[in-house]
Amino acid sequence: MKLAWGRNSGFVQTVQGVEIELSIRLYPKRAGRFIKHNQDFFIVTLAVLLKEIFFSASIGFGFGSLEGVVSSAAILLGLFCVSLVFPFRTRTWLLLLLDLVISVMLLADLLFYRFFHSVITIPVLFEAGQVEGVSSSVAALLSNWDALFFADFVFLIPYFIYLNKHNLGFRYRWLRRVGQVAVILLVCGLTLNFTTQNVEANFSQNAYTGLSWDTSVLRNLGVVNFHLLDLYSFLKQKDAKGSLESEAPQLKAWMGSHSEPSNLNLTGAAKGKNLIIIQLEATQEFLLGRSVNGQEVTPNLNRLTQSSIYFDNFFTQIGQGNTSDAEFMTLNSLYPAPSGSNYVMHANDTYQSLPWTLKGAGYQGAYAFHANTPQFWNRANMYKVEGFDKFFNDSNFFRDDENVGMGLSDASMFRQALTQIKQLPQPYFSFLITLSGHYPYDIPDSKKTLNIPAGEYSGMFKNYLQAQHYADQALGDFMNQLQQQGILSNSVVVVYGDHYGTGWTNQDLEKFLGTNQPLSDYQLKELNKVPLLIHLPWGQAAGTRHISGGEMDLFPTLLNLLGVDSGKEFYFGQDLLNAKDGFSAFRVWTPDGSFATDEVFYIANWDGKFEDGTAYNRKTGQKISLQGLKDDYDLAEWELHASDLILQTNSLPQLIPINH
Ligand code: GP9
Ligand code: MN
């Protein structure tokens with residue numbers, strides 16, 4: 001479609017060869033009168049447009065692009081003009097209501113963005129249950145400036161009352177009003193058609209398909225357009241869930257070759273032992289072995305590295321589902337969703353997860369312990385689906401006897417969990433998820449036992465260090481208890497961080513790590529690593545392993561150690577004790593298709609073109625050519641696609657035997 005300025009000072013639109021002329025003659029007087037008598041409509045549109053621009057600036061996108069402002073104005077005029085068909089009084093209040101709805105949406109988006117670095121998408125809305133749980137974070141995320149989103153109401157409400165009282169709205173006959181709306185809609189539609197056309201070509205191939213992680217639409221079409229497109233793609237996706245049939249043979253063949261053990265290092269080394277997995281909230285690898293003011297930040301983890309198989313090159317691979325994604329990968333070795341959380345969106349699928357597999361191999365039961373409301377991350381439903389026999393949570397078990405940060409202290413959680421673990425029929429699988437390290441790391445002063453010199457770091461980073469130091473102490477006490485109670489010699493204890501923390505500055509990290517230069521984006525990606533420690537009875541096979549891996553690899557690694565046949569399982573990760581080379585694919589926070597091997601870290605471009613990505617030699621940190629990396633890139637893309645397909649079509653039962 002081409003747009004041209006027409007003969008009669010109007011628009012000429014050519015649609016499939018037919019010229020349509022919109023003769024909107026520009027009569028300045030009439031136009032002036034139209035604006036004057038519809039000032040409520042124009043004022044509200046302008047106010048909301050300014051809020052959109054303020055939103056863009058607040059999330060660090062500046063005042064937005066010209067396309068963004070034009071597109072935002074067009075969609076707002078288009079949405080709000082519907083109010084013009086109503087009588088004046090009704091429409092003024094309707095306009096204020098629309099203004100309010102969008103303002104609340106913008107504030108919710110802004111808070112969400114400060115926490116998750118993305119705006120709210122439809123799949124995320126299904127996770128509303130967690131709002132209750134993050135309420136302590138919400139207070140920390142608010143800023144005084146946010147009040148600006150509602151500042152216009154202070155003027156608009158009295159002004160609209162005045163307009164109504166003095167009968168200042170122009171009363172067109174209804175047919176004319178409908179005509180005006182139709183013209184405005186047409187102009188807005190044409191404008192949007194024009195601005196949306198080239199987003200994919202100009203900004204990113206993934207602009208529309210990767211709404212949850214690609215910022216092109218948000219930057220270039222504005223947040224209201226973003227939400228409408230997100231809604232559209234959600235509805236479309238619901239209709240068209242692909243089919244697995246054509247891809248099943250490829251998946252089966254791949255699984256066959258993927259699962260073949262190359263050698264049998266430590267296979268069955270912990271056969272028949274209890275499995276205790278402790279997932280630590282926001283514990284990052286860079287904390288280990290470091291001190292502040294001569295004091296170790298994580299003395300207990302540091303000590304544990306000596307008696308465990310310690311993986312020091314282990315990535316978190318989470319998407320928007322944060323903690324739940326880390327759990328999901330550990331339990332299933334399937335990838336996080338492209339947006340939202342699988343715990344929420346795929347809680348009706350069938351899984352052959354770690355609990356089911358272990359129980360099939362003779363384990364007496366699987367138990368989850370997490371001191372939060374059971375609805376958070378939809379755990380109450382999902383843990384049943386994953387095969388846990390009981391979920392010990394805030395509602396049915398934990399006494400709220402000590403609060404730290406987001407909820408019950410880790411110390412109390414471990415203490416109370418142990419009373420149950422001691423009684424479980426053996427061998428068992430216990431899965432414990434901690435909480436005290438959670439953003440905004442606001443723990444009581446009495447629990448801050450690190451001596452951090454004043455002025456050294458931002459408040460947020462100091463709090464992070466204190467919270468992690470506290471959580472490390474709680475973990476250390478729990479490990480001592482396991483030893484004293486004779487559990488440690490009979491169990492495999494796995495400890496890992498769920499994901500990175502947020503909220504501090506790069507300068508904090510640079511100071512903490514003692515780097516002399518600003519950290520590059522690539523270095524920051526490397527710093528996102530989390531620790532993984534696997535403690536076997538009597539410290540068997542202890543030592544540091546440098547193979548690169550991530551949360552997707554835990555499932556096959558544990559099956560090997562526990563001597564459980566993995567031949568019939570389906571998993572994307574690899575057994576880190578037997579794999580020759582590391583391979584981890586990333587998504588959402590690092591563009592889809594990014595991957596890390598022992599040698600290379602390839603960071604894909606948001607535009608989705610392989611050749612626009614950047615690769616680094618992980619030993620030297622230098623940029624390297626992309627030659628020879630295409631196969632691994634294709635593999636990363638394929639694994640993500642295949643995992644999504646399996647989940648969207650609930651197809652594991654077509655690929656492997658399900659034992660429940
Ligand atoms: C909530 C806890 C934190 O129960 O697991 O989740 P997160 O906000 O880190 O995803
Ligand atoms: Mn978490």
Side-chain angles (χ1 to χ4, degrees), residues 111-118 120 123-124 126-141 277-285 287 315-331 336-337 339-345 347 368-383 386 388 391-398 400 403-410 412-414 417 431-443 460 463-464 467-468 471 474-475 495-503 528-531 551 588-589:
L111 297 185
F112 194 81
Y113 198 93
R114 286 181 185 146
F115 198 87
F116 293 109
H117 303 293
S118 76
I120 300 170
V124 164
F126 288 101
E127 296 156 13
Q130 63 181 294
V131 169
E132 196 187 325
V134 275
S135 54
S136 75
S137 306
V138 167
L141 293 168
I277 299 187
I278 304 164
Q279 183 176 292
L280 296 175
E281 176 61 38
T283 301
Q284 290 189 227
E285 167 67 28
L287 296 169
F315 286 97
T316 175
Q317 291 168 282
I318 57 154
Q320 285 183 337
N322 288 3
T323 305
S324 70
D325 283 347
E327 294 180 18
F328 183 77
M329 284 184 277
T330 300
L331 297 174
S339 67
S341 160
N342 285 330
Y343 262 36
V344 178
M345 294 186 302
F369 297 84
H370 182 55
N372 199 351
T373 53
Q375 290 77 28
F376 202 102
W377 284 128
N378 198 28
R379 285 183 174 106
N381 294 322
M382 195 58 179
Y383 281 169
E386 295 279 17
F388 286 104
F391 170 25
F392 295 87
N393 58 64
D394 262 8
S395 305
N396 67 0
F397 175 66
F398 287 106
D400 190 10
N403 245 275
V404 164
M406 193 173 172
L408 185 68
S409 71
D410 283 358
S412 178
M413 185 278 285
F414 281 132
F431 191 28
L432 291 83
I433 295 103
T434 71
L435 204 54
S436 297
H438 199 274
Y439 180 92
Y441 329 114
D442 196 6
I443 69 170
M460 195 62 96
N463 283 350
Y464 176 65
Q468 288 298 325
L475 173 72
V495 178
Y496 65 95
D498 63 349
H499 52 72
Y500 32 80
T502 54
N528 281 342
K529 281 184 292 231
V530 293
E551 283 151 348
V588 181
W589 309 121

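Ligands are counted one by one from 1 in listed order, and the atoms in each one are counted from 1 as well.
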Worksheet item: Which of these, R379, E327, M406, Q279, has its nearest heavy atom closest to atom 5 (O) of ligand 1?
Response: R379
Response to the item:
Only residue of F392, F376, F391 satisfying ring pair (Phe, Tyr, Trp, His ring centres under 6.0 Å) with Y383 is F391
Worksheet entry | Donor-acceptor pair, side chain of D442 and main chain of G405, under 3.5 angstrom | no
Worksheet item: Counting distance only, does the side-chain N/O of S436 pair as donor-acceptor with the main-chain N or O of D410 below 3.5 Å?
Response: yes
Worksheet item: Can any side-chain N or O of Q320 pair as donor or acceptor with the backbone N or O of V588 at less than 3.5 Å?
Response: no
Practice prompt. Taking 2.8 Å as the upper limit, name the protein N, O or S atoms near the Mn ion (ligand 2).
Written response: E281 OE1, E281 OE2, T323 OG1, D498 OD2, H499 NE2
Item to complete: Compute the shortest N/O to N/O distance between D498 and ligand 1 and return yes if it is under 3.5 Å, no if not.
Response: no
Worksheet entry | Identity of the nearest option to atom 2 (C) of ligand 1, non-hydrogen atoms only, from I433, L435, T502 | L435
Worksheet item: Ignoring hydrogens and geometry, is there a side-chain-to-backbone donor-acceptor pair from E551 to Q317 under 3.5 Å?
Response: yes
Item to complete: Identify the two heavy atoms, one from T323 and one from I433, that lie closest to each other, and give their separation to 0.1 Å.
Response: CG2-CG2, 4.1 Å
Discussion item. If we set the cut-off at 4.0 Å for heavy atoms, which region of Y439 has an atom near ligand 1: side chain, backbone, both, or neither?
Written reply: neither
Worksheet item: Can you tell which of T323, N372, T373 gets a heavy atom nearest to atom 6 (O) of ligand 1?
Response: T323
